[in-house]
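When a ligand or atom number is given, it counts from 1 through the structure's own listing order.
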Amino acid sequence: MGNKELQELVTNLKGIGDKTGKLFEKCGVKTIGNLLEYYPRGYDHFKAPVRACDLRSGEISAVKLTIIGRVTLRRVRNLSIIAFEAADATGKIRIAYFNSPYLMSSLKSGTTHIFRGLVQKKGSFLEMNQPKMYQDEEYAALLGTLQPRYSLVKGLSNNTVKKAMSAAFVNAGHFEEFVPQDILDRLKLISYSEAVYGIHFPSNEEDLENARRRLAYNEFLMFVLQLRLLKASQEEIESSYKMIETSDTVRLLEKLPYNLTGAQQRAWEDVKADLTGKNVMNRLIQGDVGSGKTVLALLALLMTASNGYQGALMAPTEVLATQHYENFTSMIKKYGITALKPVLLTGSLSAKDKKEAQRQIREGEVNCIIGTNALIQAKVEYKNLALVVTDEQHRFGVRQRESLAGKGLNTHVLAMSATPIPRTLAIILYGDLHISIIDELPMGRLPIKNCVVGTDYRPKAYKFIADQVAAGHQAYVICPMVEEGELDGVENVTDYSETLRQNLPASVRVEMLHGKMKPDKKDQIMDAFARKDIDVLVSTTVIEVGINVPNATVMMIENSERFGLSQLHQLRGRVGRGDAQSYCIFLNTSESEEAKERLGTMNKTNDGFVIAEEDLKQRGPGDLFGVRQSGELNFRVGDIYHDSDLVKESAMDADRILNEDPELSSIQYSVLKSLLTTKSANSVDFATL
Ligand code: ADP
Ligand code: MG
């Protein structure tokens with residue numbers, strides 16, 4: 001960004017002192033430019049108040065009610081609770097405020113207010129906790145508007161961010177345009193500056209969508225340009241690691257207890273052709289969860305080892321890396337694969353073990369290095385690395401490939417992904433990769449049985465889990481992690497494990513797993529689960545990717561309405577991986593029709609592509625914030641499904657621009673060029689955004 005105002009510190013803004021500055025820093029916001037790019041994570045849409053009889057549990061609504069009966073103020077330990085009932089002609093609800101005794105003076109019986117908040121069902125009653133309160137004229141001023149909601153840290157209020165944002169626009173609201181006018185005209189895109197303003201302060205939904213589209217276009221254009229520029233510099237690199245097919249892979253295939261599916265077979269042929277071919281491999285294997293990608297990684301790594309080279313397998317999490325390592329080690333033993341010598345390299349190894357692993361890698365004692373992303377960032381010296389396989393790798397992108405190339409390592413790259421991207425989009429987005437698609441599940445898999453249920457089903461679900469455990473199986477229970485205080489009633493892993501222990505027979509071993517645990521603790525728990533020393537694993541979405549415990553047959557997802565469909569699909573993919581019948585229980589705590597419909601999709605199909613498409617159809621522009629999709633290619637604003645047209649357009653534009661001016665050296669692209677260099681760090685690292 002060229003203009004100086006954007007580089008100034010946020011503490012230069014009126015009303016922002018050092019203390020607030022520190023809080024902003026925790027959010028990654030240092031400069032005014034950072035602040036303006038701190039986009040809302042959602043919006044409060046001020047819709048017209050509804051009647052009490054139209055309130056639905058799980059929805060955020062406004063309702064105009066008169067306080068009836070007595071307003072009570074109670075104290076429970078150090079909590080003060082105001083409680084009362086309020087009604088209109090069609091019905092009544094309960095309302096409570098905590099630690100706000102000062103409200104007593106305005107909350108008089110007989111007075112009328114507009115209350116806006118989350119509606120929840122408690123027994124046969126609907127209630128609102130801590131609703132915001134408005135008088136008619138106040139609400140009228142907000143009616144129809146979308147107010148931004150920002151990610152916050154303790155001590156930083158949404159209002160403070162909003163005020164700072166307004167001040168920032170006074171000081172520095174101008175972002176230099178970098179997209180040619182004819183493109184903006186053709187796609188009816190608003191200017192960059194307007195878009196940044198609109199994403200924070202949209203005056204209506206249309207405004208927001210215009211802003212969102214423009215910023216999404218920016219992301220796609222930059223992303224595609226970077227891919228293309230890299231491709232131009234890397235295209236058709238001659239392979240220094242030409243391989244031949246050895247008997248090891250053939251023998252492994254004979255020893256496996258199953259035959260490869262037709263689709264696995266085809267993908268394996270593709271990989272073999274790449275590894276034995278003239279140029280460096282750049283291949284993406286895309287296959288739905290459970291389609292059997294791991295064995296292809298093993299085959300490719302084995303072929304590499306048999307040819308006398310080293311290969312590396314990178315996973316997004318330590319848990320997954322460790323699982324791959326253990327899986328490989330046990331297969332090596334079982335099938336006598338002597339050529340493959342694996343080593344595990346993760347951040348949580350002790351310094352001594354790390355050193356030893358690094359020595360083995362340097363001296364070529366091992367030829368299959370399994371670990372996390374840190375693998376290529378750390379100062380690992382390989383003896384002769386020829387292949388990098390990335391599994392479920394959200395962050396493996398252009399930069400990592402660059403980083404490998406920067407080490408003089410023009411290795412073969414095999415990326416494996418379960419994100420169902422329609423082929424046409426995948427070709428655009430991964431323009432420089434060849435693609436193999438595994439569109440077939442192993443034979444004999446029983447389709448997962450699904451059910452979407454309400455909270456009253458919980459006792460039955462627990463009973464069901466207990467029965468499955470008694471039959472020798474295992475279960476996962478997923479609770480969403482949400483920002484503190486965001487929503488009441490969201491189940492939390494620690495409490496939930498306790499509840500489960502109380503509701504299951506004492507013999508059932510329940511443990512928990514969440515992202516805040518130390519890596520080695522996580523590994524320990526996952527190991528124990530894989531070894532069947534744990535029956536029920538209560539977890540956040542950290543187990544979402546890749547974990548393979550075929551003996552687990554039940555997946556229960558609490559608050560499933562809080563997840564995106566593709567994410568639910570990934571979670572569900574943790575079961576149905578063995579011969580036994582598996583089950584997925586989607587617990588819906590909301591009564592909203594929309595949630596019911598969305599979850600209904602999960603009930604109807606187990607096909608990841610169908611789900612991705614449905615997901616796209618069902619989401620409106622406002623929903624694109626908040627419900628984040630997991631998996632690859634998470635842009636900050638853009639959504640490759642919803643904005644698939646923009647993805648295509650931006651790819652065309654990128655090609656045109658580079659055709660005209662391959663080096664982007666003309667004045668008209670100077671801003672674009674500087675953005676590409678200064679921003680490459682975050683615009684390409686897919687899921688970090
Ligand atoms: P994903 O594609 O989700 O990574 P995995 O590679 O973990 O799936 O495979 C899931 C399970 O299916 C594993 O237990 C694996 O051993 C098994 N599997 C893989 N290929 C086949 C096959 N062709 N026939 C039967 N089972 C298979
Ligand atoms: Mg996998």
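A 4.5 Å side-chain heavy-atom check between Glu558 and Ile478 finds every atom pair outside the cut-off. Between Ile585 and Asn450 there is no side-chain heavy-atom pair separated by less than 4.5 Å.
The shortest N or O to N or O distance between Gly290 and ligand 1 is below 3.5 Å. Polar contact check, Gly292 against ligand 1: a nitrogen or oxygen pair lies under 3.5 Å apart.
At least one heavy atom of Asn259 sits under 4.0 Å from some atom of ligand 1. Residue Ser291 places a heavy atom under 4.0 Å from ligand 1. At a 4.0 Å cut-off, not a single heavy atom of Met416 sits close enough to ligand 1 to count as contact.
Taking CG of Asn384 as the reference point, atom CD of Gln310 lies at 5.0 Å (rounded to 0.5 Å).
By the criterion of a heavy-atom distance under 4.0 Å, the side chain of Asn548, and not its backbone, is placed next to ligand 1. Residue contacts with ligand 1 for Gln286 are absent, since no atom lies close enough (heavy atoms, distance under 4.0 Å). Here Asp391 has no heavy atoms under 4.0 Å from ligand 1, in either its backbone or its side chain.
In this structure a side-chain-to-backbone donor-acceptor pair under 3.5 Å is missing from His324 to Val319.
With 3.5 Å as the limit, one finds a donor-acceptor pair spanning the side chains of Asp270 and Ser436. Checking Asp535 against Gln474 by side-chain atom types alone, no donor-acceptor pair falls below 3.5 Å.
Ionic pairing of Arg266 and Glu269 is not present here: no N-O contact between side-chain nitrogen and carboxylate oxygen is shorter than 4.0 angstrom. Note on Glu365 versus Lys341: no salt bridge recorded, every NZ/NE/NH1/NH2 to OD/OE distance being 4.0 Å or above.
Close approach of ligand 1 to Thr261 is summarised as follows: ligand atoms under 4.0 Å from at least one heavy atom of the residue are 23 (N). Less than 4.0 angstrom separates some heavy atom of Val289 from each of these atoms of ligand 1: 3 (O). Atoms of ligand 1 found under 4.0 Å from any heavy atom of Thr294 (numbered from 1 in listed order, with element): 4 (O), 5 (P), 6 (O), 7 (O).
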